[in-house]
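Numbers restart at 1 for each chain; the letters A, B, ... are given by sequence-line order, proteins then strands. We use all heavy atoms of the structure for the numbers below, so side chains are in, but hydrogens, waters and symmetry mates are not.
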Number of protein chains: 2
Amino acid sequence: MNLQCETCPVRDSAACAVLTPEERDAMAAAGRTRTLRRGEMLFAAGDEDAACATLVSGALKVSAIDADGNEQILALVHPSGFIGELFAPFAHHDVVALTESKLCTFARGDFERAIDDHPALTRALLRRSQEDLLATRALLELTGHASAEARLAALLHDFAAAASQSSCHLAAEFDLPLTRGEIANMLGLTIETVSRKLGDLEDSGAIARKGKRGIEVLDPALLHDISGR
Amino acid sequence: MNLQCETCPVRDSAACAVLTPEERDAMAAAGRTRTLRRGEMLFAAGDEDAACATLVSGALKVSAIDADGNEQILALVHPSGFIGELFAPFAHHDVVALTESKLCTFARGDFERAIDDHPALTRALLRRSQEDLLATRALLELTGHASAEARLAALLHDFAAAASQSSCHLAAEFDLPLTRGEIANMLGLTIETVSRKLGDLEDSGAIARKGKRGIEVLDPALLHDISGR
DNA sequence: CGGCAGTTTGACACAATTCAATAACAGTGG
DNA sequence: CCACTGTTATTGAATTGTGTCAAACTGCCG
């Protein structure tokens with residue numbers, strides 16, 4: 001399907017927002033929208049000419065499979081995020097939809113041409129790339145030293161912050177975008193530990209569990225405190 | 001001191017290599033060289049207007065200090081690497097010299113101007129930024145699931161690869177650029193565990209220790225095997 | 001020589017994993 | 001609607017890898 005930039009929910013926040021309307025229309029002609037269902041893969045590690053894409057809605061995970069076949073989640077992608085390995089000959093990681101997701105995809109070659117033609121776009125991607133770098137380093141910091149409970153508290157805190165649009169406040173209630181197994185993979189823990197520590201956090205009064213996915217933040221300050229940041 | 005690009009050892013591999021000689025000379029006029037001794041800091045987390053720099057020789061570490069005052073090393077910077085938070089209002093991490101290091105520094109404003117003026121430079125930085133991202137994710141992958149011994153083996157493997165110029169072969173012998181404490185911080189372990197596991201690796205015949213800093217790789221295949229990648 | 005920073009080694013404690021069993025749930029089809 | 005099946009989550013008990021604490025050792029520089 002062709003792109004409909006006029007009605008795109010991330011038209012002001014995605015990388016393409018820096019383009020003039022004319023430039024944007026030119027790019028739109030090369031792009032296609034695509035919808036992924038939960039669990040569907042955008043591309044796999046090793047793929048050549050993996051597509052470039054902007055996430056319009058939903059959520060993706062970037063993950064690697066280690067030697068023993070265990071998945072490790074390296075990053076989450078939220079709407080207006082960019083995905084694509086522009087300079088590597090092949091993709092280094094898998095990219096999979098966590099929920100039903102809409103993307104705006106471009107062939108690698110088309111996107112590289114756009115970068116050459118539009119310095120502002122390159123600049124926007126550089127900015128985004130640096131933000132990704134900071135996010136990855138934040139995760140590294142977290143998984144490096146912190147206890148299981150602190151890691152989990154920090155992740156819940158981040159999710160709560162992401163769920164509320166007003167970056168400074170936490171959402172009082174939200175649904176986990178990840179299964180227990182995915183949370184475990186992301187934090188370098190096991191499913192069982194995640195389950196147990198969620199129980200502990202509930203006992204401590206920081207959160208309440210609403211069914212399998214739902215989380216209610218009862219005490220944001222306590223949650224922040226446990227996360228140790 | 002003014003820049004001497006003609007004799008710069010990284011003039012072909014650093015970001016500025018993409019500039020024409022004229023453009024490069026223009027940039028050189030805005031830059032200054034700087035030498036850091038081991039332990040000296042380029043900038044600290046929280047600094048405003050932290051400088052941008054290309055590492056000419058030596059090695060740097062990028063690290064964060066967590067709530068309890070523990071250092072966590074997030075990345076190492078090798079010659080031709082770029083350091084600088086271009087879009088953030090302040091630096092997120094500390095940057096410290098691991099060995100005597102020569103850098104080529106620019107004021108933030110000057111560098112931002114250069115980016116606006118030279119699309120090729122922006123592109124080069126984007127490429128570098130993506131490589132940094134991959135390197136950080138590789139470290140994340142490592143510290144996520146692997147055992148202490150596997151982490152250490154992988155780190156030694158990386159160092160041995162970095163020490164030999166011919167990327168595909170390992171150096172037979174090299175000096176650790178990090179103290180035990182720094183290795184521990186980087187891998188999310190303790191000094192004691194690093195020390196013990198180094199002993200185990202020596203017992204297994206993979207390596208031999210030559211004094212405090214020196215490492216001899218006796219069995220590269222075994223080392224790679226233990227690292228589990 | 002003494003002092004200091006970095007390293008190694010040992011004994012012990014504990015947090016998180018592993019193994020194992022049960023429970024809640026989401027689909028699917030009768 | 002309910003039973004059936006696979007997936008995901010919870011809970012328990014035992015194990016173990018790594019951290020913690022403490023002490024001794026090394027090399028180096030003043």
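Scanning DNA chain D 5' to 3' for nucleotides with an atom closer than 4.0 angstrom to a non-hydrogen atom of chain B gives a first and last hit of D:dT18 to D:dT26.
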Are there any protein N/O atoms within less than 3.5 Å of an N/O atom in nucleotides 3-6 of chain C, and if so, which ones and at what distance?
none

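Rounded to 10 degrees, the angle separating the terminal axes of the helix from C:dC1-D:dG30 to C:dG30-D:dC1 is 30°, with each axis obtained from five end pairs.
For the pair B:D175 CG and C:dT7 P, the computed distance is 13 Å after rounding to whole Å. The CD1 atom of A:I226 sits 15 Å away from the P atom of C:dA15 (whole-angstrom rounding).
A distance-only check finds a donor-acceptor pair linking the side chain of A:N185 to the backbone of A:G181 [under 3.5 Å]. At least one donor-acceptor pair closer than 3.5 Å links the side chain of A:T136 to the backbone N or O of A:D132. The backbone N or O of A:A59 lies less than 3.5 Å from a partner atom in the side chain of A:S101, making a donor-acceptor pair. A donor-acceptor pair under 3.5 Å links the side-chain atoms of A:E40 to the main chain of A:R37, judged by distance alone. A donor-acceptor distance shorter than 3.5 angstrom exists from the side chain of A:R38 to the backbone of A:L98, with no hydrogens or angles considered. Put simply, the side chain of A:R108 gets close to the backbone of A:E85: a donor and an acceptor are under 3.5 Å apart. Panel note: side chain A:H224, backbone A:R229; a donor-acceptor pair is recorded below 3.5 Å. A donor-acceptor contact shorter than 3.5 Å is absent between the side chain of B:S80 and the backbone of B:V10.
Residues in residues 138-153 of chain B take part in these side-chain hydrogen bond (donor to acceptor under 3.5 Å, both in side chains) pairs, two or more places apart or across chains: A:Q72-B:H145.
Within a heavy-atom distance below 4.0 Å of DNA chain D, the residues of residues 188-200 of chain B found are B:G188, B:L189, B:T190, B:E192, B:T193, B:R196, B:K197.
Side-chain rings of B:H157 and B:F159 stay apart, their centers remaining 6.0 Å or farther from each other.
Here A:E182 pairs with A:K61 in a salt bridge; the nearest charged N to carboxylate O distance falls below 4.0 Å. The residues B:R196 and B:D203 are annotated as not salt-bridged, no charged nitrogen and carboxylate oxygen being separated by less than 4.0 angstrom.
Backbone-only contact: A:R209 has heavy atoms under 4.0 Å from sugar-phosphate atoms and none from a base.
For A:T193, the side-chain hydrogen bond (donor to acceptor under 3.5 Å, both in side chains) partners two or more places apart in sequence, or in a different chain, are A:T190.
Position along DNA chain C of the nearest nucleotide to A:G211 versus A:A146 favours A:A146 as the more 5'-ward residue.
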